[in-house]
Structures are given as C-alpha cells and as structure tokens.
Amino acid sequence: MVLLDIDYITENESAIIRLFGTFMTEKGPKSIIALDKNFLPYIYVIPIHSERCREELAEFDVARVEQVARRDLGRTVQVLKVFFKHPRDVPGLRDEIANLSSVDEIREYDLPFYRRYLIDKGLFPMGKLEVHGQPVATGEYPGCPAEDTYLLEISEDPVPLESDFPELKILSFDIEAYNPKGMPRAEEDPIIMISFSSNEGLRKVISMAQCDFDFVKTVATEEDILKEFVTTIKNENPHIILGYNSDNFDFSYINERAKLLGIPIDLGTDGSSLKFMRRGFTNAALVKGRVHVDLYPVVRRYLSMDRYTLERVYWELFGQDKEDIPGDEICDYWDNGGLQLASLFKYSLDDAESVTKIGEKMLPLTMELTRIVGQPFFDVARMATGQLVEWYLIRKAFETRELVPNKPSAAEHSHRRGKRAAGGYVKDPEKGLHENIVYFDFRSLYPSIIISKNVSLDTLVEECEEGACHVSPEAGYLFLKEPRGFVPSVIGNVLTERVRLKTLMYQATDEREIQVLNVQQEALKRLANSMYGVYGFSRFRWYSLECADAITAWGRDYIKKTMKKAEKFGFKPIYADTDGFYAVYDRKADSASDPS
DNA sequence: CAGAAACGGGG
DNA sequence: GTGTACGTTTCTG
C-alpha cells in the first residue's frame with residue numbers, strides 16, 4: 001500500500017495506530033486502513049541515580065522500564081526508556097517523573113504518538129509499504145464503518161519498500177456563497193455553488209440555479225448541494241482533496257452550513273466526518289484517510305510574492321490572466337441571472353480548475369519533502385521550513401541513537417530572543433551608476449562552514465589540545481575536529497545525496513525521470529539551505545547562540561578576506577551582503593597581471 | 001518610539 | 001492531542 005496518512009484511536013483503554021493507505025485493484029484504487037495494536041508511547045529519563053530512579057518509577061502506573069544506551073552531546077549515557085500504557089498518560093506523568101529526586105532530566109516527552117510511530121518503524125508517508133495481518137470486518141473497531149474500505153489488523157511490523165512517486169488522484173473544489181453584506185456570514189448566507197475539478201478531467205458545478213453548460217448539475221436546495229458535494233467526493237474517491245484557503249474558509253463554511261441544515265459531511269475513508277485541528281490560531285480541515293491540502297499556505301511558503309490571491313498566484317505560475325469576479329459583486333451576478341449568472345458559473349469552475357493546475361505544479365515538491373522528512377503529507381503541507389528541518393533531525397537522531405534536545409520553555413524562549421547572534425557582513429552600496437560589475441558569491445556559505453568547521457552542540461568544548469579544534473574568529477569558540485558532529489554529519493549527508501541525484505539527473509535521458517530527480521534534488525537543496533538556521537532560530541531544539549555566532553563570524557571573516565584579495569587584483573567592492581559581493585574592475589589599481 | 005494589535009487568504 | 005502559527009505591517013499610547 002501507499003501510506004497516505006496516520007493517526008490513532010483508543011479501544012479498551014489502549015491506543016491503536018491506524019495507517020491510512022491506498023492500493024491498486026483491477027477495479028481501480030481501493031482505500032485501506034491497517035491497524036497496529038502493538039506500539040506503546042515512551043519517554044527517556046536521564047537518572048541521577050539509576051537504581052534509585054527505577055525504584056521511584058515502580059510507584060508509577062507505567063507499562064515498563066528499560067535501560068538503554070544513547071548519545072547525548074557527544075557522550076554515551078545510560079538512560080531509562082519509560083513506556084506508558086496510553087499516550088494520554090504522558091502529559092501528566094512526565095511532569096511528576098521530571099520532579100523526582102533521582103531524575104536529572106526527561107527527554108522526547110512531547111513527540112506526537114503517530115510521529116513517534118513513523119520514526120521508530122522507519123515508515124515514510126507517500127512511500128510504499130508492505131503490511132501483513134488479518135482482515136477485520138468493518139464495524140469491529142470504533143470509527144471504522146466505511147463499507148468500501150479494506151480493514152486489516154497487522155500482525156508484524158510494516159515493511160517499507162522502495163518506490164517511485166505514487167500516482168495520486170487529486171480532486172479540487174471551491175465554493176461560492178451568497179454575500180449581500182461583504183464577506184458571507186455562515187449563520188445566514190447560503191452556499192450557492194460548489195465546483196469540482198480533478199486531475200482525471202472531472203469538471204462539475206453544483207448549484208440550485210439552472211444553466212445550459214454541460215458541467216452544471218442543478219439541484220433543488222442548499223441541502224441538496226451539500227449532499228451532492230459529499231456524494232461526488234465519495235464517488236470520485238480521491239487521494240488528495242485540494243482547495244485554496246480551504247482550511248479557514250471553504251471547509252469551515254461547509255461545516256457550519258451543514259451543521260445548520262443537518263447534513264452529515266462524512267467524507268473519511270473510515271466513514272468519519274470532517275474534523276478541524278487547531279494549529280495555533282488557525283485551523284486545519286481534516287478528512288481521515290484522504291489528504292486535504294490547502295494550497296494557500298503551500299504557495300505562501302514556496303513562492304515569494306507581494307500578494308497571494310488565487311489570481312496573482314495563477315498569473316505568477318502560468319503567466320496568464322484569470323477571469324475574475326470581484327468578491328463584492330458575486331451576489332449581484334447571482335441575483336441578475338442570465339449572462340451574469342452564466343459567467344459566475346464559469347468563474348466558479350475556473351477557480352476549481354486553477355487550483356488543480358496550481359496543485360500539479362506545487363505538490364511534487366511537498367510530496368518529495370514528505371518522503372524525505374517522513375512526516376504526514378497533511379502536516380508537511382502546513383509546516384514551516386524550520387519545523388521540516390526539526391522533524392528531519394529528530395528522525396536522524398533516532399537512527400543514530402542520539403537523544404533529541406528539549407523544546408525551549410516559554411522562559412527559555414524569551415531569554416533566547418533577547419540576545420541574537422550577529423548577522424552576516426553587509427557593506428552599504430556605493431552610490432552611483434557602476435559599469436563593468438563582477439559578482440562573487442560563496443555557494444552555500446553557512447552549510448559549508450558548519451561542515452568544514454564541524455559546528456555542532458556535541459563538538460563545542462570549553463578547552464582542547466593544540467590543533468584538535470577549529471577556533472572561530474572574534475569570540476574564539478572551540479569545535480572539536482573529531483568526531484563528526486550530529487548536525488554537520490546530517491547536512492553533509494544531505495549535500496552528498498543531492499550531488500548524487502544531480503549526477504543521476506544529468507545522466508538520465510527519460511524526461512519523466514529527469515523531472516523527478518530534479519524535484520528530489522530541489523527538495524534536498526531546500527532542506528540544506530534551511531538547516532543552517534537551526535542554531536539561530538529561538539524555538540529550535542538544536543538552538544545554540546555559540547554555534548550561530550561562530551558560523552556568522554566565520555562567514556564575515558571569509559567574505560572580508562575574499563574582498564581584500566580581490567582588491568589586490570584591482571576589483572573594487574561596491575556592495576556586499578553575507579555570502580557575496582559586487583565589485584567594479586579598476587584597471588589603475590590592478591598591480592597584478594590579467595584579472596580574468 | 002515601543003509594544004500591542006491586526007493581518008493574511010476566502011465571498 | 002506526547003499540541004496550541006508566524007512573520008510582518010499598522011495602530012496606539
């Protein structure tokens with residue numbers, strides 16, 4: 001099966017992991033839910049005194065305790081792996097355990113259960129895996145009553161398989177609501193149209209209004225629009241549902257109208273209804289077993305524009321204007337009928353089709369990041385790059401038996417924000433119109449410094465033998481040359497893998513293969529380029545003012561030295577920023593030979 | 001000027 | 001859900 005999503009449910013006081021997937025049958029793709037009953041949540045406890053700690057832990061209602069060896073800041077430590085009976089036990093018990101007199105510190109106590117599962121089992125969403133086990137009749141598990149879904153209880157660990165990009169069915173939708181007073185209010189303003197577009201050619205607009213277009217499906221009431229909305233999605237059975245600002249607008253609006261009118265929006269492959277997850281101050285709309293992706297946050301992250309309206313994004317990606325009906329005129333177009341109503345139908349469908357097109361352009365990168373970072377597509381599509389890097393490192397830490405540093409407390413966070421590392425070197429540009437400009441820049445300056453100077457939390461030392469350390473300019477921080485630090489080794493591997501993929505890409509002849517390799521190396525580039533920020537980002541688990549400071553100090557040192565050298569050859573710098581500078585060639589100043 | 005509040009996308 | 005965005009712009013005292 002291809003792993004689309006993951007969560008867990010509770011039955012008889014214990015947690016059951018649900019792997020939502022899809023597999024091919026002769027009749028087309030079929031949804032599958034694989035259940036795993038054999039995974040327990042755990043945290044690490046670093047004891048002051050191991051025996052005494054085990055005695056104190058015996059008083060707690062935990063499943064079991066194991067002693068294991070892990071790496072922490074360059075040292076091997078013996079830690080206790082404390083298993084709990086249920087994820088919900090963790091928040092309460094961890095604090096009590098942290099306060100025990102025999103406990104120094106607790107670690108990895110706040111990783112969501114399903115993410116822990118993916119990491120520990122070596123599974124990657126959007127990748128293939130093999131599952132073995134017993135089929136289960138639907139209805140035997142809470143929340144698994146969907147008829148068309150294959151339900152399986154797994155008897156051994158899922159086996160991850162090598163796989164190409166999965167071919168996924170994408171269904172986009174867009175709603176129009178009646179809005180006589182500006183933005184529509186869900187308590188009173190009805191939905192008047194819902195349009196669909198799929199990557200398999202579906203074009204459909206549901207409305208209670210009539211129109212001659214073949215894509216229009218006319219129904220009697222708003223209730224019927226919502227029912228037809230649910231039926232269409234169930235029939236199309238897409239892997240991915242796309243919208244634009246659908247987390248906060250379309251799905252929220254549909255949910256509120258459906259509640260008001262008593263229509264169930266049971267779109268999940270387990271038969272569950274639409275859910276909303278609070279992510280900070282914003283919502284994410286969740287359809288179990290399918291991946292709902294809101295393209296708005298995706299586009300905001302990957303494209304740099306002044307505005308992110310659907311029209312602007314479409315223009316940016318395809319260089320074409322899109323027909324637009326200003327928001328406050330939609331109710332007039334609806335009320336006036338005739339030609340105006342017809343163009344409203346066209347506009348609505350066009351929006352859904354634009355979403356499909358934008359999705360086809362933007363999703364491959366998100367898909368690849370999902371397969372590298374190893375967290376659900378749903379989450380990756382909504383994660384900031386800092387989060388992506390962090391979850392990538394957490395997985396790498398598990399693979400190399402490193403303990404993950406804790407998230408900063410609120411106090412620690414504000415303390416970190418108080419003092420920030422100095423930035424890159426900037427030389428203000430010299431005024432005037434310059435000719436014969438040359439540009440010099442370091443390729444991936446900061447990642448290169450991290451690797452070559454072994455800048456890492458576990459290599460930073462107070463003192464060291466002559467020649468055994470890299471010494472940073474200015475503050476003089478010491479980083480051991482050996483062994484390789486955790487973050488430098490991860491960045492090193494990412495860059496090596498990227499070089500390998502680029503080599504394969506240049507050798508490849510198949511157009512599709514070239515495209516895929518290109519997206520893969522792009523994803524790694526994105527990851528490597530965000531990784532240098534790990535030390536400077538105040539929310540980050542691997543934050544280190546010393547490391548951040550050392551990196552920028554080396555950066556300033558390199559750029560200034562390079563500029564000085566360039567000046568000797570007659571290049572006069574006119575502007576510099578962080579990892580590069582602009583210079584004009586001044587023949588008179590050139591004391592050396594041919595500057596080329 | 002600093003800190004608080006609003007904003008984004010959507011109709 | 002082993003949880004609570006985010007970075008930037010505009011307003012206010």
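Proteins come first, then strands; the chains are lettered A, B, ... in the order of their sequence lines, and each starts at number 1. These figures come from a predicted structure and were not determined experimentally.
Counting to the nearest Å, the C1' atom of C:dG3 and the CZ atom of A:Arg115 are 9 Å from each other. Going from atom CD of A:Glu316 over to atom P of B:dG9 covers 14 Å, rounded to whole Å. Distance CG (A:Asp294) to C1' (B:dG10): 10 Å, rounded to an integer number of Å. Atom CD in A:Glu390 sits roughly 14 Å away from atom P in C:dA5 (whole-Å rounding). Spacing between atom CD of A:Glu96 and atom C1' of C:dT2 amounts to 15 Å, rounded to whole angstrom units.
Here A:Asp270 does not pair with A:Lys288 in a salt bridge; the nearest charged N to carboxylate O distance is not below 4.0 Å. Using a 4.0 Å cut-off between a side-chain N of Lys or Arg and a carboxylate O of Asp or Glu, A:Glu353 and A:Arg203 qualify as a salt bridge. Note on A:Glu390 versus A:Arg541: salt bridge recorded, some NZ/NE/NH1/NH2 to OD/OE distance being below 4.0 Å.
Nucleotides B:dG9 and C:dT10 place their P atoms 13 Å apart, quoted to the nearest Å. Taking atom P in both C:dG1 and C:dC6, one finds a spacing of 14 Å when rounded to whole Å. Straight-line distance between the C1' atoms of B:dA6 and C:dA5: roughly 15 Å, to the nearest whole Å.
One finds no side-chain N or O of A:Tyr8 lying less than 4.0 angstrom from the OP1 or OP2 phosphate oxygen of C:dG1. Residue A:Lys407 places at least one side-chain N or O closer than 4.0 Å to OP1 or OP2 of C:dT4. Applying the 4.0 Å criterion to OP1 and OP2 of C:dG3, one finds that A:Arg94 has a side-chain N or O inside that range. For C:dC6, one of the phosphate oxygens OP1 or OP2 lies less than 4.0 angstrom from a side-chain nitrogen or oxygen of A:Arg539.
Side chains of A:Asp120 and A:Tyr42: a donor-acceptor N/O pair is present below 3.5 angstrom, by distance only.
Distances were taken from every side-chain heavy atom of A:Met277 (C-beta onward) to each of C:dG3, C:dG1, B:dG10; the shortest belongs to C:dG1. The listed nucleotides are B:dG11, B:dG9, C:dT4; the one nearest the side chain of A:Thr309 is B:dG9. Out of B:dG11, B:dG8, C:dG3, the shortest distance to the side chain of A:Met183 is found at B:dG11. Closest approach to the A:Pro184 side chain among C:dT2, B:dG11, C:dA5 is made by B:dG11 (side chain taken as heavy atoms from C-beta onward). Nearest nucleotide to the A:Arg307 side chain, out of B:dG9, C:dT2, B:dG10: B:dG9. Nearest to the side-chain atoms of A:Asn245 among the listed nucleotides B:dG11, C:dT2, B:dG10 stands B:dG10. Side chain of A:Phe113, nearest nucleotide from C:dT2, B:dG11, B:dG10: C:dT2. If you check B:dG10, C:dC6, C:dT2 against the side chain of A:Gln387, the one that comes closest is C:dC6. Nearest nucleotide to the A:Thr282 side chain, out of C:dA5, C:dT4, B:dG10: C:dA5. Closest to the side chain of A:Phe281, out of B:dG10, C:dA5, B:dG8, is C:dA5.
A:Leu111 comes within contact range of at least one nucleobase, with a heavy-atom separation under 4.0 Å. Residue-level contact check: A:Tyr308 touches the backbone only, with heavy atoms under 4.0 Å from sugar-phosphate atoms and none from bases. Within the nucleic acid shown, A:Ile325 has no heavy atom closer than 4.0 Å to any nucleic acid atom. In this structure, A:Gly182 reaches the bases: a heavy-atom distance under 4.0 Å links it to at least one base atom across the strands shown. At a threshold of 4.0 angstrom between heavy atoms, the contacts of A:Asp110 include nucleobase atoms, whether or not backbone atoms are also involved. Note on A:Arg382: nothing from the nucleic acid sits closer than 4.0 angstrom, heavy atoms only. When heavy atoms are screened at a 4.0 angstrom cut-off, A:Phe84 is found touching no nucleic acid atom at all.
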Derivation and outcome, ring pair (Phe, Tyr, Trp, His ring centres under 6.0 Å), residues A:Tyr347 and A:Tyr333:
CA-CA 11 Å; A:Tyr347 161 76; A:Tyr333 275 67; 8.4 Å; no
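Between A:Leu57 and the choices A:Val62, A:Val103, A:Leu93, A:Ile97, the side-chain contact (heavy atoms from CB on, under 4.5 Å) rule is met once, by A:Ile97. Test A:Arg70, A:Lys81, A:Arg116 against A:Glu108 for side-chain hydrogen bond (donor to acceptor under 3.5 Å, both in side chains) and you get one pass: A:Arg116.
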